[in-house]
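Please read these numbers as outputs of a predicted model, since none were measured by experiment. Every chain is numbered from 1, with letters handed out A, B, ... down the list of sequences.
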Amino acid sequence: MKHGGFLATTLVVVSAAAFGGAVSAKDRAIDDNFYTYYGFDGGQAVNYFTCTTNGCTAAGMLMPFKHACALLEGPPATSGNVVTRALYIMESGKKATDDAQLYVYSKTDTIDGGDDEVAITLQQKVDLGFQAGKKAHCAMAAAGTVLFAGTDLSATYTVDKSTFAVHFSGFGSIASATADARGYVTLVAPDKTFAIFNPGGGQMVSGGGVYFMANTQDGQINGK
Amino acid sequence: VSIGKIAAAAAVCLILSANCAQALKVQHDGGLATFYSSTGTSVAWSTCGYLDSVDACYGAGTLPQTFASVCAVMEGERKQKGKKITRDVYVLDRGTAGNSMILYVFARTDDFPGDGTDVITVKPQPSVLVQLEGGPGAHCMMAASASTIYIGSDVGAYASEVSAISKSTGLVNLLVYEFSGTVVSITAEERNFVALHFQNVTKIMGPGGDLYQSIAGPGDMADQHNAWKPD
C-alpha cells in the first residue's frame, strides 16, 4: 500500500513538473493581489513599485547603469509565504566599445497578509561578450531555460538562467526577439532572416522572412 | 498497472489541488510553436515543431481577412478539451487615416486525431470597432488581461483614451481619464495586471478589468518572456 502511494505521488510530481501548470498556478496564488511596475529613469536607473489594491507596499531604485535597455522578469517560485523570481536587466553601455552586460537580480516578496516586503539583490553581473553602446537597439526574450540577448549592431547570445553561461546563439544581429507564453522564441535579423528556438534554446526552424511570436498578454508585430 | 498508477495519481491530484487535473492532461501541442508574419494587409502563420517525436511543419495559412494596416497581433488563452485545443487570435488593424481602428477576432482550433497530424482551422469571428482613430501614422498599442483587451492610439482626438474590450462580450468601454495626456504604452504581466501608461499618469487595471490604482508618473509591466524596452 505504501509502495503504491509512493508511485502515485512520484507520478504526480513528474506530471506537474513536466507541464508546469499545477506548479505555476500554485505559485501565483500567494501574491496574486500584488503587482510590480517599472520605470526606466533615463537609462541610468530602473525604478520599481510593488502595490496592491490598498496602495503600494514597496518601492526602490536599481542603479547605476550605463544605459539600461531591456527588462525581463523570471518565473516565480514559492516557498511558504516567500515568492522569489529573477529580474534581468540588459545594459547596452554608452560607448560603442562598451560590452553589453546582463544584471541578474533576485527579487524576494515576503507576503504577510496585506503586506509585501520586497528585497532585491544583485545575484550576478554577466558580461554578454559583445559590444553595443547607446545607439544599439537591444532585444531580449526568454525561452524556458535560457534567454536571448543581442542588438542590431552585434551578434545574439544565449545566457543560461541557472549557470549564467554565455554562448553564441548561432544567430547574428537582431532586429527583434519575440517569445510566446510557452517559451518558444523567434529572432529576426535586420536582413530579414529568422530563426525559431524551442524552450530549451535549441534551434528549430530558420530561413528568410520576418516572423514573430504572438502571446496572450502583449499585442505586437515584429517585436514592436 | 499503468492505468492503476494513473488512477492513483489522479486521486492524489484531487486531494492536492484541482490544478493537478490540468497537469495530467496530455498537451498535444506541447512541442509545437506557431509563428506569424505580416505584410500589413495580411497575416500568415505557420505551425512547426515536434508531434509524436516527428519534427515537421504541421500547418500554415493566411488569416481569412484583407486588412488595411496590421499593427498588432495577440493570442487568446489556450483551452483544451479532449484532443481539441482552441484559442482566439486577435489582429488590430489601424485602418486608414481618420477612421476607427478595428479589432479582428479569429477562432483557431487544433484537432489532434491521433494519427500524427494537427488539423488546424481558423474561422473569423465578429470584429470590433475600437472607436479610436488610427491610420498609417498611428502608433497602436494592445495588451490584455484574462478578461479584457486594452487598445490605444497616439493620434487623433482620442489619443488620451483607451478602449477596453470585454473578451466575452466584445463590448467596448472607452476609458477617459481627464488630464492624463496621450497614451505612451500599454503593458501586461502574467498575473493579468495591465498598465495604461499615459503622458501624465499611469492607470493600473486589475485582472477583472477594474481600475486598481492611479500613479502620478510612468509605469510599465515586465513579463517573463518578452523584454520591456523603453525605446
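- Counting non-hydrogen atoms of other residues, nucleotides and ligands closer than 6.0 Å to NZ of A:Lys66 gives a total of 12 or fewer.
- In this structure, chain A has a heavy atom under 4.5 Å from the backbone of B:Thr34, while its side chain stays farther away.
- Neither the backbone nor the side chain of A:Asn198 has a heavy atom closer than 4.5 Å to any heavy atom of chain B.
- Proximity to chain B is absent for every atom of A:Phe49, based on heavy atoms less than 4.5 angstrom apart.
- A cation-pi arrangement is present between B:Lys203 and B:Tyr177 under the rule of less than 6.0 angstrom and at most 45 degrees off the ring axis.
- Both the backbone and the side chain of A:Leu71 have a heavy atom closer than 4.5 Å to some heavy atom of chain B.
- The aromatic rings of B:Tyr212 and B:Phe193 stand perpendicular to each other, their planes meeting at an angle above 60°, with 30° marking the opposite boundary.
- Contacts between residues 49-65 of chain B and chain A, defined by a heavy-atom separation under 4.5 Å, are made by B:Gly49.
- The aromatic rings of A:Phe194 and B:Phe35 sit tilted relative to each other, their planes meeting at an angle between 30° and 60°.
- In this structure, chain B has a heavy atom under 4.5 Å from the side chain of A:Tyr184, while its backbone stays farther away.
- Both the backbone and the side chain of A:Thr53 come within less than 4.5 Å of a heavy atom in chain B.
- Applying the salt bridge (charged side-chain N to carboxylate O under 4.0 Å, His left out) test to A:Asp109 and every residue at least two apart in sequence or in another chain returns A:Arg85, A:Lys107.
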